[in-house]
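Right, one structure below, let's go through it.
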Amino acid sequence: MRRVAMWGLAGIGAVCLVVTVVVGLSLDLPPGVAAWIFVGPLPILAMGAFLYWRRPDHRTSQQFLVWAVVTFCLAMPIEAITVAVAEDGSPPSWTWLAVLVFMTASVAGAVLGATLIGLLPDGRFRHPWERPILLPMWGVLVVPMLAFLTNERVPLPGYVFPGIEEASSPLFVPSLAALGPLAITLNALYSAVFVGGMGLLVVRYRKGSARERRQLRWVLLAAAVTVGAAIWPFLLGELGVLPAVTH
(Lines give C-alpha, C1' and ligand atoms only; values in the text may rest on other atoms or scores of the structure.)
Protein backbone atom coordinates (compact mmCIF):
# COMPACT_ATOMS: atom_id res chain seq x y z
CA MET A 1 0.00 0.00 0.00
CA ARG A 2 2.83 2.39 0.85
CA ARG A 3 4.48 1.82 -2.53
CA VAL A 4 1.21 2.52 -4.31
CA ALA A 5 0.83 5.74 -2.32
CA MET A 6 4.41 6.83 -3.02
CA TRP A 7 4.19 6.17 -6.75
CA GLY A 8 0.81 7.88 -6.77
CA LEU A 9 2.43 10.91 -5.15
CA ALA A 10 5.17 10.88 -7.78
CA GLY A 11 2.50 10.68 -10.47
CA ILE A 12 0.67 13.67 -8.99
CA GLY A 13 3.94 15.58 -9.01
CA ALA A 14 4.51 14.74 -12.66
CA VAL A 15 0.98 15.84 -13.59
CA CYS A 16 1.52 19.10 -11.74
CA LEU A 17 4.68 19.76 -13.74
CA VAL A 18 2.92 18.98 -17.03
CA VAL A 19 0.07 21.37 -16.19
CA THR A 20 2.59 24.03 -15.19
CA VAL A 21 4.52 23.66 -18.44
CA VAL A 22 1.35 23.76 -20.57
CA VAL A 23 0.11 26.90 -18.81
CA GLY A 24 3.58 28.41 -18.68
CA LEU A 25 4.05 28.12 -22.43
CA SER A 26 1.20 30.58 -22.87
CA LEU A 27 2.84 33.19 -20.64
CA ASP A 28 5.45 35.79 -21.46
CA LEU A 29 7.55 34.87 -18.43
CA PRO A 30 10.86 36.46 -17.43
CA PRO A 31 13.71 34.14 -18.48
CA GLY A 32 14.66 33.33 -14.90
CA VAL A 33 11.14 32.24 -14.00
CA ALA A 34 10.80 30.23 -17.20
CA ALA A 35 14.11 28.48 -16.53
CA TRP A 36 12.96 27.64 -13.02
CA ILE A 37 9.64 26.17 -14.16
CA PHE A 38 10.98 24.16 -17.07
CA VAL A 39 14.36 23.05 -15.69
CA GLY A 40 14.49 23.29 -11.89
CA PRO A 41 11.81 20.92 -10.55
CA LEU A 42 12.08 18.22 -13.21
CA PRO A 43 15.54 16.83 -12.29
CA ILE A 44 14.66 16.98 -8.60
CA LEU A 45 11.46 14.98 -9.08
CA ALA A 46 13.31 12.57 -11.38
CA MET A 47 16.01 12.06 -8.76
CA GLY A 48 13.39 11.41 -6.08
CA ALA A 49 11.62 8.85 -8.27
CA PHE A 50 14.93 7.18 -9.16
CA LEU A 51 16.04 6.91 -5.53
CA TYR A 52 12.69 5.46 -4.51
CA TRP A 53 12.76 3.00 -7.43
CA ARG A 54 16.22 1.79 -6.35
CA ARG A 55 15.54 1.71 -2.60
CA PRO A 56 11.78 1.74 -1.97
CA ASP A 57 12.12 0.54 1.64
CA HIS A 58 14.76 3.09 2.63
CA ARG A 59 13.33 5.96 4.66
CA THR A 60 15.64 8.53 3.11
CA SER A 61 14.46 7.73 -0.43
CA GLN A 62 10.85 8.01 0.76
CA GLN A 63 11.51 11.32 2.49
CA PHE A 64 13.33 12.71 -0.54
CA LEU A 65 10.45 11.87 -2.89
CA VAL A 66 7.86 13.45 -0.58
CA TRP A 67 10.05 16.55 -0.18
CA ALA A 68 10.52 16.85 -3.96
CA VAL A 69 6.80 16.65 -4.73
CA VAL A 70 5.63 18.97 -1.94
CA THR A 71 8.34 21.56 -2.47
CA PHE A 72 8.65 21.71 -6.25
CA CYS A 73 5.44 20.33 -7.77
CA LEU A 74 2.17 20.62 -5.87
CA ALA A 75 1.73 24.40 -5.77
CA MET A 76 3.28 25.25 -9.15
CA PRO A 77 0.11 24.79 -11.27
CA ILE A 78 -1.73 27.08 -8.87
CA GLU A 79 0.88 29.77 -9.39
CA ALA A 80 0.92 29.32 -13.17
CA ILE A 81 -2.87 29.43 -13.53
CA THR A 82 -3.13 32.49 -11.28
CA VAL A 83 -0.51 34.34 -13.31
CA ALA A 84 -2.19 33.31 -16.57
CA VAL A 85 -5.57 34.65 -15.44
CA ALA A 86 -3.97 37.85 -14.14
CA GLU A 87 -2.51 38.50 -17.61
CA ASP A 88 -5.95 39.53 -18.84
CA GLY A 89 -6.30 42.25 -16.23
CA SER A 90 -6.06 42.60 -12.50
CA PRO A 91 -5.30 39.52 -10.36
CA PRO A 92 -8.35 37.30 -9.77
CA SER A 93 -10.27 37.54 -6.51
CA TRP A 94 -8.92 34.16 -5.39
CA THR A 95 -5.28 35.23 -5.68
CA TRP A 96 -5.00 35.37 -1.89
CA LEU A 97 -5.97 31.68 -1.63
CA ALA A 98 -3.48 30.67 -4.32
CA VAL A 99 -0.73 32.60 -2.55
CA LEU A 100 -1.66 31.13 0.83
CA VAL A 101 -1.55 27.58 -0.54
CA PHE A 102 1.74 28.30 -2.32
CA MET A 103 3.33 29.77 0.81
CA THR A 104 2.12 26.93 3.01
CA ALA A 105 3.50 24.34 0.58
CA SER A 106 6.82 26.20 0.54
CA VAL A 107 7.00 26.19 4.34
CA ALA A 108 6.06 22.50 4.49
CA GLY A 109 8.77 21.78 1.93
CA ALA A 110 11.33 23.60 4.05
CA VAL A 111 10.41 21.57 7.13
CA LEU A 112 10.50 18.33 5.13
CA GLY A 113 13.90 19.35 3.75
CA ALA A 114 15.27 20.14 7.21
CA THR A 115 14.01 16.76 8.45
CA LEU A 116 15.53 14.99 5.45
CA ILE A 117 18.90 16.61 6.13
CA GLY A 118 18.81 16.14 9.90
CA LEU A 119 18.05 12.40 9.70
CA LEU A 120 20.66 11.46 7.10
CA PRO A 121 21.83 8.88 6.15
CA ASP A 122 19.13 6.42 7.32
CA GLY A 123 16.10 8.69 7.80
CA ARG A 124 15.45 7.44 11.34
CA PHE A 125 15.48 9.17 14.71
CA ARG A 126 18.47 8.03 16.74
CA HIS A 127 19.24 10.52 19.48
CA PRO A 128 16.90 11.87 22.18
CA TRP A 129 17.42 15.50 21.10
CA GLU A 130 16.35 15.03 17.48
CA ARG A 131 12.59 14.88 17.97
CA PRO A 132 12.46 17.99 20.21
CA ILE A 133 14.30 19.91 17.48
CA LEU A 134 12.62 18.61 14.32
CA LEU A 135 8.99 18.05 15.34
CA PRO A 136 8.32 21.62 16.65
CA MET A 137 9.44 22.95 13.26
CA TRP A 138 6.01 22.02 11.92
CA GLY A 139 4.70 24.93 13.95
CA VAL A 140 5.97 27.32 11.27
CA LEU A 141 3.13 26.11 9.03
CA VAL A 142 0.93 28.70 10.75
CA VAL A 143 3.15 31.59 9.61
CA PRO A 144 1.57 32.09 6.13
CA MET A 145 -1.91 32.12 7.68
CA LEU A 146 -0.67 34.56 10.32
CA ALA A 147 0.58 36.85 7.54
CA PHE A 148 -2.90 36.94 5.99
CA LEU A 149 -4.61 37.48 9.33
CA THR A 150 -2.41 40.44 10.28
CA ASN A 151 -1.96 42.22 6.92
CA GLU A 152 -4.55 43.75 4.64
CA ARG A 153 -2.13 43.31 1.74
CA VAL A 154 0.57 40.62 1.76
CA PRO A 155 3.66 41.50 -0.36
CA LEU A 156 5.10 38.76 -2.57
CA PRO A 157 8.77 38.03 -3.29
CA GLY A 158 9.89 38.93 -6.80
CA TYR A 159 10.56 35.32 -7.78
CA VAL A 160 6.99 34.03 -7.35
CA PHE A 161 3.72 34.99 -9.07
CA PRO A 162 5.42 37.22 -11.67
CA GLY A 163 3.36 40.30 -12.41
CA ILE A 164 1.59 40.18 -9.04
CA GLU A 165 3.21 42.27 -6.34
CA GLU A 166 0.81 41.66 -3.47
CA ALA A 167 -2.29 39.74 -2.45
CA SER A 168 -5.28 41.36 -0.76
CA SER A 169 -6.35 39.39 2.29
CA PRO A 170 -10.06 38.84 3.07
CA LEU A 171 -8.89 37.24 6.33
CA PHE A 172 -7.36 40.45 7.66
CA VAL A 173 -8.25 41.18 11.30
CA PRO A 174 -7.65 44.90 12.04
CA SER A 175 -7.02 44.28 15.73
CA LEU A 176 -4.03 42.10 14.78
CA ALA A 177 -2.46 44.68 12.45
CA ALA A 178 0.32 45.44 14.93
CA LEU A 179 1.66 41.93 14.33
CA GLY A 180 1.70 42.41 10.55
CA PRO A 181 5.37 43.39 10.07
CA LEU A 182 6.51 40.56 12.35
CA ALA A 183 4.42 38.03 10.42
CA ILE A 184 5.85 39.21 7.09
CA THR A 185 9.39 38.94 8.46
CA LEU A 186 8.78 35.44 9.81
CA ASN A 187 7.23 34.43 6.51
CA ALA A 188 10.37 35.55 4.70
CA LEU A 189 12.66 33.68 7.11
CA TYR A 190 10.93 30.30 7.22
CA SER A 191 13.88 28.64 5.46
CA ALA A 192 15.89 29.20 8.64
CA VAL A 193 14.58 25.80 9.75
CA PHE A 194 17.38 24.35 7.60
CA VAL A 195 19.82 25.56 10.25
CA GLY A 196 18.35 23.03 12.67
CA GLY A 197 18.60 20.25 10.12
CA MET A 198 22.19 21.11 9.27
CA GLY A 199 23.10 21.25 12.96
CA LEU A 200 21.74 17.75 13.51
CA LEU A 201 23.60 16.53 10.44
CA VAL A 202 26.89 17.89 11.79
CA VAL A 203 26.31 16.07 15.08
CA ARG A 204 25.52 12.85 13.23
CA TYR A 205 28.63 13.23 11.12
CA ARG A 206 30.84 13.72 14.18
CA LYS A 207 29.30 10.76 16.00
CA GLY A 208 29.06 8.46 12.97
CA SER A 209 31.31 5.62 11.97
CA ALA A 210 33.82 5.93 9.14
CA ARG A 211 31.35 4.14 6.84
CA GLU A 212 28.53 6.55 7.72
CA ARG A 213 30.81 9.54 7.17
CA ARG A 214 31.59 8.28 3.68
CA GLN A 215 27.86 7.84 3.02
CA LEU A 216 27.17 11.38 4.20
CA ARG A 217 29.83 12.80 1.92
CA TRP A 218 28.21 11.20 -1.14
CA VAL A 219 24.73 12.24 -0.03
CA LEU A 220 25.87 15.82 0.51
CA LEU A 221 27.43 15.86 -2.95
CA ALA A 222 24.13 14.70 -4.46
CA ALA A 223 22.28 17.31 -2.39
CA ALA A 224 24.62 20.04 -3.61
CA VAL A 225 23.98 19.03 -7.24
CA THR A 226 20.23 18.95 -6.62
CA VAL A 227 20.13 22.35 -4.94
CA GLY A 228 22.37 23.77 -7.65
CA ALA A 229 19.94 22.57 -10.31
CA ALA A 230 17.10 24.21 -8.43
CA ILE A 231 18.58 27.65 -7.81
CA TRP A 232 20.86 28.24 -10.79
CA PRO A 233 18.34 30.40 -12.72
CA PHE A 234 18.19 32.84 -9.81
CA LEU A 235 21.95 32.87 -9.32
CA LEU A 236 22.47 33.55 -13.02
CA GLY A 237 19.93 36.36 -12.75
CA GLU A 238 21.81 37.94 -9.87
CA LEU A 239 25.09 37.67 -11.80
CA GLY A 240 23.55 39.30 -14.85
CA VAL A 241 23.82 36.24 -17.11
CA LEU A 242 20.02 36.10 -17.21
CA PRO A 243 17.64 38.96 -16.48
CA ALA A 244 16.91 39.08 -12.76
CA VAL A 245 13.65 37.50 -11.67
CA THR A 246 11.46 40.38 -10.55
CA HIS A 247 7.88 41.52 -10.83
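In this chain, numbering begins with 1 at the start of the sequence shown. Predicted, not measured: the structure shown is a model, and the values here were computed from it.
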- Yes or no on side-chain contact (heavy atoms from CB on, under 4.5 Å) for Leu120 and Thr60, after CA distance, side-chain angles and deciding distance? CA-CA 7 Å; Leu120 288 172; Thr60 297; 3.7 Å; yes
- Message: Measuring from atom CE of Met137 to atom CZ of Phe194, what distance do you get when rounded to the nearest 0.5 angstrom?
- Response: 9.5 Å
- Side-chain contact, heavy-atom cut-off 4.5 Å: Tyr52 with Phe64? no
- Message: Any non-hydrogen side-chain atom of Leu134 less than 4.5 Å from a side-chain atom of Leu119?
- Response: yes
- Task: Give the intermediate values and the outcome of side-chain contact (heavy atoms from CB on, under 4.5 Å) for residues Thr71 and Ile44.
- Result: CA-CA 10 Å; Thr71 305; Ile44 296 173; over 6 Å; no
- Message: Looking at every heavy atom in both Pro170 and Ser168, which two are closest together, and how far apart are they?
- Response: CD-O, 3.5 Å
- Message: Any heavy-atom pair between the side chains of Val111 and Val140 that's under 4.5 Å?
- Response: yes
- Mind telling me whether Trp53 and Phe50 have parallel, tilted or perpendicular rings, with 30° and 60° as the class edges? tilted
- Query: Under a 4.5 Å side-chain heavy-atom rule over Ile, Leu, Val, Met, Phe, Trp and Tyr, are Leu182 and Val193 clustered together?
  - Reply: yes
- I would like to know whether Val66 and Met6 meet side-chain contact (heavy atoms from CB on, under 4.5 Å); could you show each step before the answer? CA-CA 8 Å; Val66 172; Met6 293 297 293; 3.9 Å; yes
- With Trp94 via ring-ring contact (aromatic ring centres under 6.0 Å, His included) - residues at least two apart: none
- Side chains of Val23 and Pro77 in contact at under 4.5 Å (non-hydrogen atoms): no
- Item | Closest contact, heavy atoms only, Leu45 versus Gly13 | CD2-C, 3.8 Å
- Task: Could you tell me the separation between the CG atom of Asn187 and the OG1 atom of Thr104, rounded to the nearest 0.5 Å?
- Result: 8.5 Å
- Message: Minimum heavy-atom separation for Ala147 and Ile184, please, with both atom names.
- Response: CB-CD1, 4.2 Å
- Note on the structure: In short, Ala98 meets Ile78 closest at the heavy-atom pair CB-CG2, 3.3 Å
- Gap separating the CG atom of Leu97 from the OG1 atom of Thr82, nearest 0.5 angstrom: 8.5 Å
- Query: So which heavy atom on Met76 is nearest to which on Leu17, and how close?
  - Reply: SD-CD2, 4.1 Å
- Query: Do the non-hydrogen side-chain atoms of His58 and Leu51 ever get within less than 4.5 Å of each other?
  - Reply: no
- Taking it one step at a time, do Phe172 and Arg153 satisfy side-chain contact (heavy atoms from CB on, under 4.5 Å)? CA-CA 8 Å; Phe172 174 59; Arg153 296 182 179 276; over 6 Å; no
- Query: Do you know the tightest heavy-atom contact between Gln63 and Gly123?
  - Reply: NE2-O, 3.0 Å
- With sequence neighbours left out, the residues meeting salt bridge (Lys or Arg N to Asp or Glu O under 4.0 Å) with Glu152 are none
- Are the charged groups of Glu130 and Arg204 less than 4.0 angstrom apart, N to O? yes
- Item | Approximate separation, where rounding is to 0.5 Å, of Ile133 CD1 and Thr115 OG1 | 11.5 Å
- Has the side chain of Glu166 got a donor or acceptor atom that lies under 3.5 Å from a matching backbone atom of Leu156? no
- Item | In one Ile/Leu/Val/Met/Phe/Trp/Tyr side-chain cluster, 4.5 Å: Leu189, Met198 | no
- Item | Pairwise side-chain contact, Leu112 with Trp138, heavy-atom cut-off 4.5 Å (strictly under) | yes
- Message: Please determine whether residues Phe125 and Val202 belong to a single hydrophobic cluster, defined as Ile, Leu, Val, Met, Phe, Trp and Tyr linked transitively by side-chain heavy-atom distances below 4.5 Å.
- Response: no
- Message: Quick check: is Leu141 connected to Leu135 through a chain of hydrophobic side chains (ILVMFWY, heavy atoms under 4.5 Å apart)?
- Response: yes
- Side-chain heavy atoms under 4.5 angstrom apart, residues restricted to Ile, Leu, Val, Met, Phe, Trp, Tyr: same cluster for Leu146 and Phe148? no
- Message: Just verifying a value: how many Å separate Ser61 OG and Met47 CE, rounded to the nearest 0.5 Å?
- Response: 13.0 Å
- From CZ (Arg213) to NZ (Lys207), nearest 0.5 Å: 11.0 Å
- Return the set of residues passing side chain to side chain donor-acceptor pair (under 3.5 Å) with Arg59 (not counting sequence neighbours), or none when no residue passes. none
